[in-house]
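Scroll down for the structure; my scribbles are underneath it.
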Amino acid sequence: QVQLVESGGGVVQAGGSLRLSCAASGLPFGTYAMGWFRQAPGKERKLISRISGGGGTLGYADSVKGRFTISRDNAKNTVYLQMKSLEPEDTAVYYCVAALQYVRLNDPNHWGQGTQVTVSS
């Protein structure tokens, strides 16, 4: 059974930083592309960052480019999202996702349960 378990969410002031982690189990982690979606209140879920299985290809939505950094540690079956210069508009539930192909992360095979990030002004 595949499990993606996010952690690291919380409440932070605008301008602050958070690092989200996603621990994966039940799948050959290094062969899966990984990503992060987020869903703000009243809005659709959106893919904001992704990383290939080997970590050599990265992608970011314009809204987070230059502020967020995705990385992975295949020895620990974990993917990270380092978030800096957080803004109230970053407030959302953040979901870790996994897909067999990098280009298919917009329609992932697996989802985590989500972790809440709240940025106060």
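Any value given below was found using the heavy atoms of this structure, including those in side chains, with hydrogens, waters and symmetry copies removed.
- A distance-only check finds a donor-acceptor pair linking the side chain of Arg67 to the backbone of Ser85 [under 3.5 Å].
- Expressed to the nearest 0.5 Å, how far CD of Gln101 lies from CG of Asn109 amounts to 9.0 Å.
- In this structure, the separation between CG on Leu105 and CH2 on Trp36 is 12.5 Å, given to the nearest 0.5 Å.
- Between the side chain of Thr78 and the backbone N or O of Asp73 there is no donor-acceptor pair closer than 3.5 Å.
- Ion pairing of Asp107 with Arg104 is absent here, as no side-chain N (NZ or NE/NH1/NH2) approaches a carboxylate O to less than 4.0 Å.
- Hydrophobic clustering (ILVMFWY, side-chain heavy atoms < 4.5 Å, transitive): Leu58 and Leu81 are in one cluster.
- A pairwise comparison of heavy atoms in Ala92 and Arg38 identifies CB-CB, 3.9 Å as the closest pair.
- Annotation: cation-pi pair Arg72/Phe29 present, NZ/CZ under 6.0 Å from the ring centroid and within 45° of its normal.
- Using a distance-only test at 3.5 Å, with no hydrogens or angles considered, a donor-acceptor pair links the side chain of Asp90 to the main chain of Glu87.
- Put simply, Val97 and Ile70 are part of two different groups of oily side chains (I, L, V, M, F, W, Y) that touch within less than 4.5 Å, one to the next.
- Contact check for Met34 versus Leu4: side-chain heavy atoms found under the 4.5 Å cut-off.
- When atom types are taken as modelled, the side chain of Glu44 and the backbone of Gln39 share no donor-acceptor pair closer than 3.5 angstrom.
- Going from atom OG of Ser49 over to atom CZ of Phe37 covers 11.5 Å, rounded to the nearest 0.5 Å.
- Atom-to-atom distance recorded for Thr69:OG1 and Tyr60:OH is 4.5 Å, nearest 0.5 angstrom.
- With rounding to the nearest 0.5 angstrom, the CD atom of Glu89 is 9.0 Å from the OG atom of Ser121.
- Rounded to the nearest 0.5 Å, atoms CE (Met83) and CD1 (Ile48) are 7.5 Å apart.
- Asn74 places no side-chain N or O within 3.5 Å of a backbone atom of Thr31 that could act as its donor or acceptor partner.
- The list of ring-ring contact (aromatic ring centres under 6.0 Å, His included) pairs with a residue in residues 68-107, not counting sequence neighbours, reads Tyr95-Trp111.
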Side-chain donor-acceptor contacts of residues 7-28 below 3.5 Å, not counting sequence neighbours, with atom names and distances?
none

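- Of all heavy-atom pairs between Glu6 and Gly114, the closest is OE1-N, 3.0 Å.
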Note to self: Would Val93 and Thr115 count as a side-chain contact (heavy atoms from CB on, under 4.5 Å) here? Give the steps.
What the structure shows: CA-CA 5 Å; Val93 178; Thr115 186; 6.0 Å; no
